[in-house]
Each structure stands twice: as structure tokens, then as C-alpha cells.
Amino acid sequence: MSDDEQTPAAPPAAPDQPAGLDLARAALADARDRARKTTPRRTRRPASPVVRVRGDESRDPQLFGAVLGRLVTDRGWTAPAEAVGVVDRWPELVGSDIAERTEAESLTDGVLVVRAVSTAWATQLRLMAPDILRRLNTELGHNTVTRLDVRGPAAPNWVKGPLRARDSRGPRDTYG
């Protein structure tokens with residue numbers, strides 16, 4: 001190529017218009033201004049384990065377990081939660097040997113109802129009641145269980161209809 005055939009250079013920028021990096025900054029500032037003027041669209045945010053608590057002064061995100069624990073305590077649901085804990089965790093709390101022969105049925109007002117498979121096991125459990133109560137209250141909290149109501153096996157019901165003899169004592173067996 002000769003000197004006369006050189007490629008034309010880019011036209012020079014006007015002195016009042018920005019070029020290069022200044023042009024990019026000006027475009028970004030313009031886009032931000034337009035974004036502020038328009039109303040934002042609501043987008044669905046993904047669910048997270050962090051929950052905001054209404055009325056909390058700090059307004060910091062909190063763990064879900066902490067919020068749930070505070071809700072249970074505030075509403076007074078601790079007793080039903082403890083009852084479920086005792087009944088569900090019975091084998092863990094008393095050991096597999098006792099749990100194979102007994103079943104925790106319910107916890108109401110601190111009284112734990114336990115059903116044994118035989119009258120012998122019911123007697124054994126009554127003798128072990130102080131130790132079991134101590135172990136339960138250590139694991140679950142002080143005075144969760146105040147008394148153990150140990151019951152033997154349930155006998156079958158021999159009443160088959162609306163009429164029956166009043167003084168009939170039924171069969172003489174202990175069923176266990």
C-alpha cells in the first residue's frame with residue numbers, strides 16, 4: 001500500500017462527548033437512572049431455612065429451629081411436645097430390654113401411662129419406677145414426668161351384648 005491509500009482513521013470524537021471508559025460509565029449511570037424510575041417487578045425468591053420474625057427488633061435472619069422452638073414455648077405447646085417425645089423415644093429412654101416388654105401409651109399432666117406385656121413385668125416396672133422417673137426427667141427436663149402409672153395386660157372384654165348378669169365376675173385368669 002502506498003501512503004496515499006492508507007485506511008481512514010476513526011472520526012475524532014466531539015470534544016463534548018465522552019469516549020472509551022467514560023462512555024461506558026455514562027451508559028451505566030443512564031441505565032441506573034432509568035431503572036430507578038421504573039417500578040420493579042416482583043420476583044419469586046427461592047425458599048430458604050432462614051425466617052424473618054415479625055416484630056423482632058434486630059430484624060436479623062434467624063434459624064428456623066430457633067423460631068419454631070420460640071413459637072412452641074410462646075403458645076404453651078411444650079407439654080404436648082414433651083409427651084410425644086416420651087412416647088416416641090421410650091425405647092431410647094429406658095433401654096431395649098424394658099422397651100420390648102412395655103409400651104408408653106400417653107403422658108397427661110405429668111402422669112406417664114405404661115402398659116406391660118404381663119403382670120410380672122408390670123410388678124417389676126413398679127419396683128423400678130423411681131429409677132425410671134429419674135432417668136426420664138434427666139433426659140426430658142425437670143418434672144416432665146411426675147408419676148408412672150404402670151398397667152398390666154388388657155384382658156379381653158367378655159360382654160357380647162346389651163344384656164348381662166350383674167354379679168358375674170367373668171373368667172378367673174390373670175392373662176399374663
Side-chain angles (χ1 to χ4, degrees), residues 35 38-176:
T38 61
T39 57
R41 291 184 184 176
R42 292 190 177 241
T43 59
R44 184 175 177 195
R45 293 189 311 199
S48 68
V50 178
V51 176
R52 283 205 176 264
V53 179
R54 203 159 115 179
D56 189 16
E57 294 81 26
S58 65
R59 303 285 297 172
D60 289 336
Q62 298 179 7
L63 295 176
F64 183 72
V67 173
L68 189 60
R70 195 167 45 242
L71 177 69
V72 167
T73 303
D74 291 347
R75 299 282 173 108
W77 296 339
T78 54
E82 291 165 351
V84 169
V86 172
V87 174
D88 288 344
R89 295 177 52 200
W90 180 250
E92 175 191 331
L93 295 171
V94 296
S96 63
D97 191 36
I98 295 173
E100 287 176 7
R101 295 166 180 89
T102 60
E103 180 183 359
E105 291 183 345
S106 65
L107 177 66
T108 308
D109 296 330
V111 178
L112 178 63
V113 177
V114 179
R115 176 86 50 196
V117 295
S118 67
T119 54
W121 265 100
T123 302
Q124 183 67 23
L125 211 59
R126 285 184 193 103
L127 294 173
M128 297 170 57
D131 295 331
I132 292 173
L133 283 174
R134 191 174 319 112
R135 190 180 321 168
L136 291 174
N137 286 322
T138 300
E139 289 285 329
L140 301 170
H142 185 65
N143 285 337
T144 302
V145 181
T146 56
R147 190 172 60 115
L148 210 58
D149 183 10
V150 181
R151 298 179 181 173
N157 187 359
W158 293 100
V159 177
K160 300 293 185 209
L163 302 176
R164 63 175 251 206
R166 287 185 182 255
D167 294 331
S168 173
R169 292 174 47 193
R172 308 288 188 269
D173 194 1
T174 62
Y175 295 99

Under the criterion side-chain contact (heavy atoms from CB on, under 4.5 Å), I'd like the reasoning laid out for I132 against L125: C-alpha separation, chi angles, the key distance, then a yes or no.
CA-CA 9 Å; I132 292 173; L125 211 59; 3.5 Å; yes
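- In this structure, the separation between CZ on F64 and CG on L71 is 9.0 Å, given to the nearest 0.5 Å.
- When all heavy atoms of P153 and S118 are compared, the pair lying nearest together is CD-C, 3.6 Å.
- Looking at every heavy atom in both residues, A116 comes nearest to A122 through CB-N, 3.6 Å.
- Remark: D74 engages no residue in a side-chain hydrogen bond (donor to acceptor under 3.5 Å, both in side chains) (not counting sequence neighbours).
- For the atom pair CD1 of I98 and CG of L93, the computed distance is 11.0 Å after rounding to the nearest 0.5 Å.
- Between the side chain of R115 and the main chain of G152, a donor-acceptor pair closer than 3.5 Å is present.
- If you check the side chains of Q62 and R70, you find a donor sitting under 3.5 Å from an acceptor.
- Here the closest heavy-atom approach between residue V87 and residue A104 is recorded as CG1-O, 3.6 Å.
- Atoms CG and OG1, on L133 and T146 in that order, are 8.0 Å from each other to the nearest 0.5 Å.
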Determine, stepwise, if the pair T108 / V113 fulfils side-chain contact (heavy atoms from CB on, under 4.5 Å).
CA-CA 8 Å; T108 308; V113 177; over 6 Å; no
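- A salt bridge (Lys or Arg N to Asp or Glu O under 4.0 Å) check over residues 116-129, counting only residues at least two apart or in different chains, returns nothing.
- The neighbour count for D109 CG, taken as heavy atoms of other residues, nucleotides or ligands under 6.0 Å away, does not exceed 12.
- With rounding to the nearest 0.5 Å, the separation of CD in E105 from CH2 in W90 is 11.0 Å.
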